[in-house]
Amino acid sequence: MHDQPLQMTNISWAAFENLGLLEKAACLRDRDREYHVLYAQQFNRERLEHLGSLATAIRRLAKTKQGMQELQRLLSHKRAMLYFSQPSSRTFLSFAAACQILGLPVAEVRDTAVSSEFKGESKEDSVRTFSSYFDFIVMRTQIGGLAERMAWVLSNSERPVPIINAGAGKDQHPTQALLDIYTLQRSFEQQGGIDGKVVMFVGDLSRGRTVRSLAWLLTNYTRVRQIFVAPPELQVSEDIRQLLRSRNVDFLMSSDFEAHLPQADAVYMTRIQDEWDSVAGESRRIDTTKYHFLYRHLDLLKPQSVILHPFPRREEIEVTVDADPRAVYWRQMRNGMWIRAALIADLFRCDEQIFTAYGRM
Ligand code: NCD
């Protein structure tokens, strides 16, 4: 037993590294909310609902010039650093747009070949440099675990600033999962919310970090059934199955896409993550064509169901599907900007101010 709650500042890196995910998540809190945002495991239902309502307030305020001006005054005294050493379009741009909505100036490092890392600077020193100039760091990297290491380093430095994980290795993508949940909240608003829904994940489930984070967030809702549809080589990994079992989630794994479509309330399509192939061309040997959402599949889908995709898309959703009202992936993408604005505003405790401004509208 510990006398005081464990925090990043009273635990060694070696001890932190060895904690379970939920214990780690508890170390990242700042009183009633997250400080660093690293894992989907940090969010409970109450927080998901709070952030969803805040995103909606921001979205509606941003429709008018006056509302937008109020939003842009909120954080004009803060600065954001976007440190993206792994390719990104949506996540990067939506964070940049979210910062603009809140009046936050943004700087970026996207190519470490033009930063001092190229001269041999350690990641720790680079991140401490950013924290000298900026008030929080949004970080995407191909190195799993790097964001948490940097969060620990910063928390134990003279100038701690929060880190938001914008995608780490094959492991976690918590803010994508937040926007996915926000999209589901909005899609099922008139259908009793997310509780009791059937969510089907399709594609590369072993290496897709968005699936791993969203599968966890869905465990915050009751009676949600999760169906993982993938070729056996790309099925969701054992650690996620273990987490789902620990939360008594009803889930099943299958390689038959068409068989499960008629039951699905949400179909979450993903691309093959071949950049993680251990041998070049490895995933090209797997027949993934059976896991494509074709125009004809729309007939198998319930009228109120929705199709999501974190994007980028390749051929796993036929472009002609886009025109169907159940294809919500473009709206889902835009939701990323709203929920990220909500997360940042909440991190800096502007939530009440936003709700008040929204109440006056
Ligand atoms: C995802 C990612 O980077 O994990 N993209 C995103 O952030 N929307 C999905 C992917 O790359 O397939």
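Just follow the structure's listing: the first ligand is 1, and inside any ligand the first atom is 1. We're numbering straight along the sequence, starting at 1.
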| field | Region of Thr210 engaging ligand 1 - heavy atom pairs below 4.0 Å | value | side chain
| remark: the protein heavy atom lying closest to atom 4 (O) of ligand 1 turns out to be Arg209 NE, 2.7 Å
| query | Is there a side-chain contact between Arg90 and Pro312 (heavy atoms, below 4.5 Å)? | reply | yes
| query | Where does the angle between the aromatic ring planes of Phe201 and Phe228 fall among parallel (under 30°), tilted (30 to 60°) and perpendicular (over 60°)? | reply | parallel
| Hey, which atoms in ligand 1 end up nearer than 4.0 Å to a heavy atom of His173? | 2 (C), 4 (O), 6 (C), 7 (O)
| field | Ring center gap for Phe311 and Trp330 short of 6.0 angstrom | value | yes
| query | Is it true that His77 and Phe348 have ring centroids separated by less than 6.0 Å? | reply | no
| request: Return yes if a side-chain donor-acceptor contact under 3.5 Å exists between Ser254 and Asp256, otherwise no. | output: no
| request: Look at ligand 1 and say whether Met333 reaches it with a heavy atom at a distance under 4.0 Å. | output: no
| remark: Counting from 1 in the order shown, the ligand 1 atoms closer than 4.0 Å to a non-hydrogen atom of Arg271 are 10 (C), 11 (O), 12 (O)
| So which heavy atom in the protein is nearest atom 9 (C) of ligand 1, and how far is it from that ligand atom? | Phe311 O, 3.6 Å
| request: Flag Arg90 as yes when one of its N or O atoms lies below 3.5 Å from any N or O atom of ligand 1, and as no otherwise. | output: no
| said: If the cut-off is 4.0 Å to any non-hydrogen atom of Thr91, which atoms of ligand 1 fall inside it? | reply: 6 (C), 7 (O)
| field | Minimum-distance protein heavy atom relative to atom 8 (N) of ligand 1 | value | Pro310 O, 2.9 Å
| task | Identify which one of Val37, Leu82, Leu75, Leu104 satisfies the side-chain contact (heavy atoms from CB on, under 4.5 Å) criterion when paired with Phe136. | result | Leu104
| task | Please verify whether a non-hydrogen atom of Gln86 lies at under 4.0 Å from ligand 1. | result | no
| query | Which of the atoms in ligand 1, numbered in the order shown and given with their element, are less than 4.0 Å from a heavy-atom of Pro312? | reply | 10 (C), 11 (O)
| query | side-chain contact (heavy atoms from CB on, under 4.5 Å) with Ile317: which of His297, His292, His309, Arg271? | reply | His309
| Side chains of Ser131 and Arg159, donor plus acceptor under 3.5 Å | no
| field | Enumerated ligand 1 atoms positioned under 4.0 Å from heavy atoms of Gln273 | value | 10 (C), 12 (O)
